[in-house]
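A short worksheet on the structure shown next.
Every chain is numbered from 1, with letters handed out A, B, ... down the list of sequences. Quick caveat, the model's predicted, so the values are computed rather than measured.
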Protein chains: 2
Amino acid sequence: MTKKQLIMEKALELFAKQGFEATSVQQITDHCGISKGAFYLSFKSKDELIVALIDHFMRQFNADIDFVVSEGKKEDLLYNFYYTTFHSFSKHSDFAKLLMKEPTQSFNEELFSKLHNYNKSLENVILSMIERLYGEQSKDLKYDLSYCIKGFMSTYSELFLVYKLPIDLDLLVRSLVEKTNLLAKNMTISFIPDELIQMLDQPLNKEPSLEQIIETVSKNIEDMEDSIEKESLMLLKQELLEPALHPAIIKGLLANIQHHPHCKWPAYLLRKHFGK
Amino acid sequence: MTKKQLIMEKALELFAKQGFEATSVQQITDHCGISKGAFYLSFKSKDELIVALIDHFMRQFNADIDFVVSEGKKEDLLYNFYYTTFHSFSKHSDFAKLLMKEPTQSFNEELFSKLHNYNKSLENVILSMIERLYGEQSKDLKYDLSYCIKGFMSTYSELFLVYKLPIDLDLLVRSLVEKTNLLAKNMTISFIPDELIQMLDQPLNKEPSLEQIIETVSKNIEDMEDSIEKESLMLLKQELLEPALHPAIIKGLLANIQHHPHCKWPAYLLRKHFGK
DNA sequence: TTGACAATTGACCGGCTAGTCATTAGTATA
DNA sequence: TATACTAATGACTAGCCGGTCAATTGTCAA
C-alpha cells in the first residue's frame, strides 16, 4: 500500500468520526504513525486530501452502479441496483458517513461542484434505469421517481450507518423494490417537471475528453502492481492512442479489469468510450 | 429584540452558510456589530449557542406539527402535515440548512442525544398520524411508512433548500400525499419490525415532569413583552401550581398562546399536560 | 453634578491550526 | 566504503481559535 493510500484510509476513519473540519492534519499523521511533513509529500493540502477521497470513492461507487444497471436482466435490475447501493454503503461505511456529514454547499466551491456532479451522474444512472424498467409509462414521472429512490436510499441507510443496526439486506432490498414498483405503476401527480431539472443543470456536465481518459488511465497504471489487470489496462491505453484491436478483444480486456478494486473508474470511462 | 435573539439570528445565517465548526465567535460578533465580550454575556460558550438554536427551532417545529396532526379533519391530515413541514422548512430555511449540515453523531454527546430525541419526537408524531389515518391496516408497516415519509421530506426539501428553486407548494404536497397513500394501501413487505425500533430506544425518552414544565413556562414569561399572550401564559402557570380554573377557560387560554411565535413550545407542553 | 452600578469593550491568554523547510536517516549504486 | 540520491522528520512560523477580565463607557437616582 502506498503512503497516499495509507493516509486516505486512516484519514477517512477520523473524518467519519469527527468530520472534516474538526480533524487536524496532526491527528491524521499521528493516526498513521508518520510525521506531519510526510503528509505534505503525498498531498499538497488538507483540501486536496478530501477531494482525493471523494473522487476515489464516488468514482468507484458510480462505476459499480452503472455496471449493474447496464448489465443483467430487466427483472433483476431494481433489485441489483438497491443491493449494490446498500452493499457499497455498508462496505465503505466510513465514506458514506463522511458523505452524510459534509453535504450541501460544502466549504470550498470546487468540492461543492464535484459533489453536485457525482450526484447528477448518479441521478442519470437512476433515470436510465427507470426508463429501461418503465419506459414511456414513466415519462412525466421519472424525476419524481428518482427522487423517491434517492429518498429511500438516504433514510434507510441511516439505520445501519448511524445506528449500526444489523440488517437483512435481502429483505430491505425486496421491500424497496416493492415500494418503487408501486410508485412507478400507480403515481399520477408529477411534481418535478423537465424545466425544474434543467434549472439545476446550468453548470454544464461535460463528457470527459479522450485526453482526460488517457491521463486517468495512465495515472491508474502507475499505482498498480504488476498483474493481468495492469497488462489489460496498458493494452487498452494503447488502444486509446492507436485503435487496432478487434472489438471482441477489447471486450475481453474490459472484462479483465472490471472487478479489480482499483480499476473501477477507468473501467467505467473505457466502457463508455468504447461503447460497450 | 434581546441581544440573545440578535446573536441567534445572525449566527444562524453564518452557520447555514459555513457550518458550525467553520464559523468563529469573532465572525458572529462582527456580523452582529457587537464585541466579543458581549457574546459571552448572552451565552456561556459557542456550544451553548447552537444548543439554544436547536432547541428554539425544533421545539417550535415539533409543536407546529403536533398541533396540525392532533387537530383537523382526517381527510386533510396528511396534506396539512406535509404542508406545515415544508412551509416551516422554507420559512426557517437557514435553520433547515444547519440541520442538514450538522447531522448524525454531532460533535458533542449532548447535542447528538438532543437531536436524536427531537427526531424520535417527530417520528412519534408521524406514527400517531399514520395510526389515525390507516389504523390496523398499517400495523406491521407503520415504521416503514414513517421512514418513507421522512425520506420524501429530506429529498424534496433539497430542491428549495440547496438549489433555491421556486416551488409550487400545493402541488408538491399533493404529489406526496398521493405517494404516501399509495404506499400505505398497497405495501406488503415490512422491513422495519418493532424490535428494530426498540433497539434505537434504549436511551429512554422520558416525559417532561411538572417541575420542568413550570420552569420552561417561567423562563418563557421572562422573555416576553407585556401582552394578552403573556397574561394567558402567567394564568396557565398559576394553574400548574394550583389547579382552579374551569376546563373551558384553560382551553381558551391555550388558544390565546397557540399562535404566538415565542409560545409554541410551552403551548405544546401545556396542551399535553392539560390533556387537550 | 456626583456617585453607584450595570453594560460593554477589546487587548490578551494559552492552545491549536495548516503549512514550511533545514536537517537527518535510509538506500542504492559505484 | 564513499557517494549521490530520496524519504522522512519535527521544530518552527504566522495566524486564528474559544474564552477571560481589567478597564471603560453608559445610565440613572440622589
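Both tests hold for B:K150 against B:Y147: distance to the six-membered ring centre under 6.0 Å, angle to the ring axis within 45°.
For A:S24, whose side chain is taken as the heavy atoms from C-beta onward, the closest listed nucleotide among D:dA8, C:dT17, D:dC17 is C:dT17. Closest contact between the side chain of A:K46 and the listed nucleotides D:dA8, C:dT8, C:dG19 involves C:dG19. Residue B:I34 places its side chain closer to C:dT9 than to any other of C:dT9, D:dC17, C:dA18.
Following rounding to the nearest Å, B:D30 (CG) and D:dG18 (P) show an atom-to-atom distance of 12 Å. The distance between atom CD of A:Q18 and atom P of C:dC16, rounded to the nearest whole Å, is 14 Å. Atom pair B:F43:CZ and D:dT20:P shows a separation of 15 Å (rounding to whole Å applied). Distance, A:Y40 OH to D:dA7 C1': 18 Å, rounded to whole Å. B:I28 has its CD1 atom 13 Å from the C1' atom of D:dG19, to the nearest Å. Rounded to a whole Å, the CD atom of B:Q27 is 16 Å from the C1' atom of D:dG19. If you measure from atom CD of B:Q26 to atom P of D:dT20, you get 15 Å, rounded to the nearest angstrom. The distance between atom CG of A:L41 and atom C1' of C:dA25, rounded to the nearest whole Å, is 14 Å.
In this structure, A:T23 reaches the sugar-phosphate backbone alone: every heavy-atom distance under 4.0 Å involves primed, P, OP1 or OP2 atoms, never a base. Backbone-only contact: B:K3 has heavy atoms under 4.0 Å from sugar-phosphate atoms and none from a base.
Taking only distance into account, the side chain of A:K36 meets the base of C:dA18 through a donor-acceptor pair shorter than 3.5 Å.
For an aromatic pair to be called close, the ring centres must be under 6.0 Å apart, and B:H56 with B:F61 fails this.
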Problem - Working for side chain to side chain donor-acceptor pair (under 3.5 Å), residues A:S121 and A:N62 - result: CA-CA 7 Å; A:S121 168; A:N62 272 355; 3.1 Å; yes
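Within the 3.5 Å criterion, the main-chain N or O of A:T23 finds a donor-acceptor partner in the side chain of A:K46.
Side-chain contact of A:T2 with A:Q5: a donor-acceptor pair under 3.5 Å is present, judged by distance alone.
Summary of the strand contacts: A:K44 and A:A22 both lie near DNA chain C, and taking for each the nucleotide with the nearest heavy atom, the more 5' one is attributed to A:A22.
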